[in-house]
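Here the structure comes first, spelled out in structure tokens, and everything after it is commentary.
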Amino acid sequence: MQFQIECNTEKHSQVCLICRQTFQMYEARLIVCNDQGDGYGDICPKCAAKGGNWVQVKLQKLNYKLPA
């Protein structure tokens with residue numbers, strides 16, 4: 001699993017992969033990807049602000065729900 005940060009030019013809502021809350025996309029996106037670079041979903045700024053270790057633990061708990 002990898003994190004990818006991308007510039008965002010579209011201003012639309014997205015659902016956070018971790019907390020499942022809808023959030024407004026800003027200038028950058030934090031995307032969870034597999035090792036081939038295929039995206040699983042975006043992480044909201046509130047979850048990202050809790051830190052990398054917290055995000056990692058939450059994603060490990062969700063791992064069984066993520067597509068292969």
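Every value quoted in this text rests on a predicted model; they were computed, and no experiment measured them. When a residue number appears, it is its place in the shown sequence, counting from 1. All heavy atoms count here, side chains included; hydrogens, waters and symmetry mates do not.
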Check: Linking I/L/V/M/F/W/Y whenever their side-chain heavy atoms sit closer than 4.5 Å, directly or via other members, would L30 and Y26 fall into one cluster?
Finding: no

Item checked: Heavy-atom pair of closest approach, residues G39 and I31 -> CA-CG2, 4.2 Å

Notebook entry, point to check: Just how far is it from atom CD of E27 to atom CG of N8, taken to the nearest 0.5 Å?
Noted result: 8.0 Å

Note to self: Tell me the closest heavy-atom pair linking V15 and R20, and the distance in Å.
What the structure shows: CG1-O, 3.5 Å

Item checked: Non-hydrogen side-chain atoms of C33 and F3 separated by less than 4.5 Å -> no

Checklist line | Heavy-atom pair of closest approach, residues C16 and F23 | finding: N-CE2, 3.6 Å

Checklist line | Under 3.5 Å side-chain donor-acceptor pair for Q14 and D42 | finding: yes

Margin query: With a 4.5 Å cut-off on side-chain heavy-atom distances among I, L, V, M, F, W and Y, is there a chain of contacts connecting Y40 to V55?
Written below: yes

Check: Rounded to the nearest 0.5 Å, what separation is found between the NZ atom of K61 and the CD atom of Q56?
Finding: 12.0 Å

Check: Going by heavy atoms in the side chains, are W54 and I18 under 4.5 Å from each other?
Finding: yes

Next item on the list: Supply the atom-to-atom distance K58 NZ to C19 SG, rounded to the nearest 0.5 angstrom.
Entry: 10.0 Å

Notebook entry, point to check: Got more than 12 heavy atoms from elsewhere within 6.0 Å of CG, D35?
Noted result: yes

Next item on the list: Decide whether M25 and I5 are clustered together by the hydrophobic rule: side chain heavy atoms of Ile, Leu, Val, Met, Phe, Trp, Tyr closer than 4.5 Å, transitively.
Entry: no

Next item on the list: Could you tell me which non-hydrogen atom of G37 sits nearest to which non-hydrogen atom of Q4, and how far apart they are?
Entry: O-OE1, 4.2 Å

